[in-house]
Enquirer: 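Before I ask anything, let me first share the structure, which is written out below as structure tokens.
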Amino acid sequence: MKNLHFKDFFWNSDLTCTSGYDAIIQYLNDGKRTCKEMEDFMKARASIEEKYAKDLLGLSKKVCGHNEMNTLKRSLDMFKLQTEHVSLSHLQLAQSMREEAKKLEEFREKQREAKKKIDQHMDALHKHKSSHYKKTVDSKKTYDQKCRDKEEADQNVNRNTNTNNTKHMEKLYSKAQQAKQNAEEADRIYQQNVTSLGKVTDEWLKEHVKACEMFEKQAMERINFLRNTVWTHLNLLSQQCVTSDELYEEVRKSLEQCDVQEDIEHFVNLRRTGDKPPAPVMYENFYSGQRPPSGAPPPRLPPPVIRRGPLPDPKHNSREDTIYSTVQDAGYSVVQY
């Protein structure tokens, strides 16, 4: 099955329409919001773990079995000592979660800066293209009107050919000559604007494809980063309490179903706006009504896309005596000692 890409499905038949580009930007903004929500979730979870650790540490200092002796006394002392160790491990877990949240914040900020530069450049191109398009349309209207004025002036001369009023005829000839010059000047400006618009459009087409490729890469990186972030978060929780691993197992199963390309294709199928770029604006001769064959530019082909490599394994911490699961482990839910 052929992969779907941003650059192939977010065009518009209207040269000045940006709905396809706007759909991609909205998708990226939604993704940025998801990163922030996940970041806030991890910080909140870290605060919960820290509060629990402090409460547990205070509990471990309370008197328990003070009046006991011998083996039961040693057992109760060990119970309090291990409770203290559990509280310290929860403090470490809270710190690890904050570090993961910090990485997510840095990733989100890095993507925001990269997107901002491209978006500003594309906005400038859109305004430049729209300005040239408006100028071309206006010049065509002027050209059409000047041609009509010329025809009317010529008709006035023809209607008064047999008149004996020399001054009147000279005035008509002068108007006809001036109308002809105005029509020729309007024709020149119109052709010039069409050529200029063609160059601006060519530049926009190339930059639009490049922007689509960059935005698609960002989307794939974001999905992959969030997937690995959630996976690492769950590994931290599993390390803290192995008995809770069965609960987090369901989340791991859902993460196994997370596919970067499937998400990209789902978005494309849901929000696609068109699979063809707009047709070029051609010069239209007022008299012949035909487009010169040399005016049609050759079909434009977008640059090839370099395929990304396979999804990297999520990084996870491990202890010397415990092995935690990864995506590829066949029996990843089994804890080995």
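Predicted model, so just to flag it, every value in this text is computed and none were measured. Along the sequence shown, residues carry numbers from 1.
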Enquirer: With rounding to the nearest 0.5 Å, note down the distance linking CG in Asn285 to OH in Tyr143.
Expert: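 Separation between the atoms: 4.5 Å.
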
Enquirer: So Glu39 and Lys36, do their side chains get closer than 4.5 Å, heavy atoms only?
Expert: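 Yes, close enough: below the 4.5 Å cut-off.
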
Enquirer: Within the side chain of Ser196, is there an N or O that forms a donor-acceptor pair under 3.5 Å with the backbone of Gln192?
Expert: no

Enquirer: Is the Phe215 ring parallel, tilted or perpendicular to the Tyr21 ring (thresholds 30°, 60°)?
Expert: tilted

Enquirer: Assess whether a salt bridge exists between Asp119 and Lys116, defined as any Lys/Arg side-chain N lying under 4.0 Å from an Asp/Glu carboxylate O.
Expert: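 Salt bridge between Asp119 and Lys116, a charged N being under 4.0 Å from a carboxylate O: no.
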
Enquirer: In this structure, which one of Glu216, Lys217, His208 forms a side-chain contact (heavy atoms from CB on, under 4.5 Å) with Phe6?
Expert: Glu216

Enquirer: Is the backbone of Ala101 close enough, under 3.5 Å, to the side chain of Lys43 for a donor and an acceptor to pair up by distance?
Expert: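 Pair absent, no side-chain N/O of Lys43 close to backbone of Ala101.
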
Enquirer: Is any side-chain heavy atom of Met220 less than 4.5 Å from a side-chain heavy atom of Gln261?
Expert: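 In contact.
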
Enquirer: Between Lys206 and Asp202, does any side-chain N to carboxylate O distance fall below 4.0 Å?
Expert: no

Enquirer: What do the steps show when you test Lys115 against Asn29 for side chain to side chain contact (heavy atoms under 4.5 Å, CB included), and what is the final call?
Expert: CA-CA 10 Å; Lys115 172 183 169 293; Asn29 289 338; 3.2 Å; yes

Enquirer: Phe267 and Phe10: aromatic ring centres closer than 6.0 Å?
Expert: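 Yes: the rings meet the under 6.0 Å criterion.
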
Enquirer: Are Glu185 and Arg188 ion-paired here, with the side-chain N under 4.0 Å from a carboxylate O?
Expert: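 Yes, this pair counts.
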
Enquirer: Within the side chain of Gln218, is there an N or O that forms a donor-acceptor pair under 3.5 Å with the backbone of Gln111?
Expert: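 Yes; at least one donor-acceptor contact below 3.5 Å.
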
Enquirer: So, Asn12 side chain and Gly20 main chain: donor-acceptor pair closer than 3.5 Å or not?
Expert: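 It does hold such a pair.
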
Enquirer: Are Arg112 and Glu109 within salt-bridge range, i.e. N to O under 4.0 Å?
Expert: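 Yes, charged N to carboxylate O under 4.0 Å.
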
Enquirer: Give a yes or no on whether Arg271 atom CZ has more than 12 heavy-atom contacts from other residues, nucleotides or ligands under 6.0 Å away.
Expert: no

Enquirer: For Asp138, run the salt bridge (charged side-chain N to carboxylate O under 4.0 Å, His left out) check against Lys135, Lys134, Lys140 and tell me which one passes.
Expert: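 By the salt bridge (charged side-chain N to carboxylate O under 4.0 Å, His left out) criterion, Asp138 pairs with just one of Lys135, Lys134, Lys140: Lys134.
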
Enquirer: With a 4.5 Å cut-off on side-chain heavy atoms, are Met122 and Ile25 touching?
Expert: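 No, their side chains stay 4.5 Å or more apart.
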
Enquirer: Glu221 vs Phe107, test: side chain to side chain contact (heavy atoms under 4.5 Å, CB included). Steps then yes/no.
Expert: CA-CA 10 Å; Glu221 287 177 347; Phe107 172 80; 4.3 Å; yes

Enquirer: Are Val200 and Val209 linked, directly or through intermediate hydrophobic residues, by side-chain heavy-atom contacts shorter than 4.5 Å (ILVMFWY only)?
Expert: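 No: no chain of side-chain contacts under 4.5 Å links Val209 to Val200.
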
Enquirer: Do the side chain of His233 and the main chain of Thr229 share a donor and acceptor less than 3.5 angstrom apart?
Expert: no

Enquirer: Would Glu213 and Lys210 pass as an ion pair if we require N to O under 4.0 Å?
Expert: no

Enquirer: Is it the case that atom CZ in Phe225 sees more than 12 heavy atoms from other parts of the structure closer than 6.0 Å?
Expert: yes

Enquirer: If we ignore hydrogens and angles and just use 3.5 Å, is the side chain of Ser13 paired with the main-chain N or O of Pro278 as donor and acceptor?
Expert: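 It does not hold such a pair.
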
Enquirer: To the closest 0.5 Å, what do you measure between OG1 (Thr34) and CZ (Arg222)?
Expert: 6.0 Å

Enquirer: When you look at NZ of Lys129, are more than 12 heavy atoms from neighbouring residues, nucleotides or ligands closer to it than 6.0 Å?
Expert: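 For Lys129, atom NZ is crowded (more than 12 foreign heavy atoms under 6.0 Å).
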
Enquirer: Between Tyr190 and Tyr283, how do the two ring planes meet: parallel, tilted or perpendicular, split at 30° and 60°?
Expert: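 Rings of Tyr190 and Tyr283: tilted, 30 to 60°.
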
Enquirer: Check the hydrophobic clustering (I, L, V, M, F, W, Y; side-chain heavy atoms under 4.5 Å; chains of links allowed) and say if Leu237 and Leu91 are grouped together.
Expert: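 Leu237 and Leu91: separate clusters.
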
Enquirer: Has the side chain of Ser131 got a donor or acceptor atom that lies under 3.5 Å from a matching backbone atom of Lys127?
Expert: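 It does not hold such a pair.
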
Enquirer: Measuring from Tyr52:OH to Leu93:CG, what's the distance to the nearest 0.5 Å?
Expert: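 These two atoms lie 11.0 Å from each other.
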
Enquirer: With a 4.0 Å cut-off on N to O distance, would you call Lys103 and Glu100 a salt bridge?
Expert: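 Glu100 and Lys103: salt-bridged.
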
Enquirer: So, for Ala94 and Ala46, which heavy atoms are closest and what is the spacing to 0.1 Å?
Expert: CB-O, 3.4 Å

Enquirer: Between Asn193 and Val137, does a side chain to side chain contact (heavy atoms under 4.5 Å, CB included) hold up when you go through it step by step?
Expert: CA-CA 9 Å; Asn193 287 337; Val137 171; over 6 Å; no

Enquirer: Kindly indicate whether the side chain of Thr201, heavy atoms from C-beta on, has any atom under 4.5 Å from the side chain of Leu15.
Expert: yes

Enquirer: Do Tyr133 side-chain atoms and Val281 backbone N/O form a donor-acceptor pair below 3.5 Å?
Expert: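 No; judged by distance alone, with no hydrogens or angles, the pair does not exist.
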
Enquirer: Ignoring hydrogens and geometry beyond distance, is a side-chain donor-acceptor pair present between Asn156 and Glu152 at under 3.5 Å?
Expert: no

Enquirer: Report the C-alpha distance between Asp22 and Gln26 in whole Å, list the side-chain angles of each, state the deciding distance to 0.1 Å, and finish with yes or no for side-chain hydrogen bond (donor to acceptor under 3.5 Å, both in side chains).
Expert: CA-CA 6 Å; Asp22 294 340; Gln26 183 61 48; over 6 Å; no

Enquirer: Can you confirm whether Lys141 sits close enough to Asp144 that some side-chain heavy atom of one is under 4.5 Å from a side-chain heavy atom of the other?
Expert: no

Enquirer: Less than 4.5 Å apart, side chain to side chain, heavy atoms only: is that true for Ser47 and Arg98?
Expert: yes

Enquirer: Counting distance only, does the side-chain N/O of Thr16 pair as donor-acceptor with the main-chain N or O of Ser130 below 3.5 Å?
Expert: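 Absent.
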
Enquirer: From Arg108 CZ over to Leu226 CG, what is the distance, rounded to the nearest 0.5 angstrom?
Expert: 11.0 Å

Enquirer: Carefully, step by step, assess Ser96 and Gln92 under the rule side chain to side chain contact (heavy atoms under 4.5 Å, CB included).
Expert: CA-CA 6 Å; Ser96 297; Gln92 181 59 45; 3.5 Å; yes

Enquirer: Less than 4.5 Å apart, any side-chain heavy atom of Glu265 and any of Asn3?
Expert: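 They are in side-chain contact.
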
Enquirer: Any side-chain heavy atom of Phe286 within less than 4.5 Å of one from Glu151?
Expert: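 Yes, their side chains come closer than 4.5 Å.
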
Enquirer: To the nearest 0.5 Å, tell me how far Asp154 CG sits from Leu172 CG.
Expert: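 With rounding to 0.5 Å, CG (Asp154) is 11.0 Å from CG (Leu172).
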
Enquirer: Could you state the interatomic distance from CG (Leu56) to CD (Glu49), rounded to the nearest 0.5 Å?
Expert: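 Going from CG on Leu56 over to CD on Glu49, the span is 10.5 Å.
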
Enquirer: Taking all non-hydrogen atoms of both residues into account, name the closest pair between Val157 and Ala176 and its distance.
Expert: CG2-CB, 3.9 Å

Enquirer: Which heavy atom of Trp11 sits nearest to which heavy atom of Lys276, and what is that distance?
Expert: CB-O, 2.9 Å

Enquirer: Please say yes or no: joined through hydrophobic side-chain contacts below 4.5 Å, possibly via intermediate residues, are Ile24 and Met214 part of one cluster?
Expert: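 Hydrophobic grouping puts Ile24 with Met214.
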
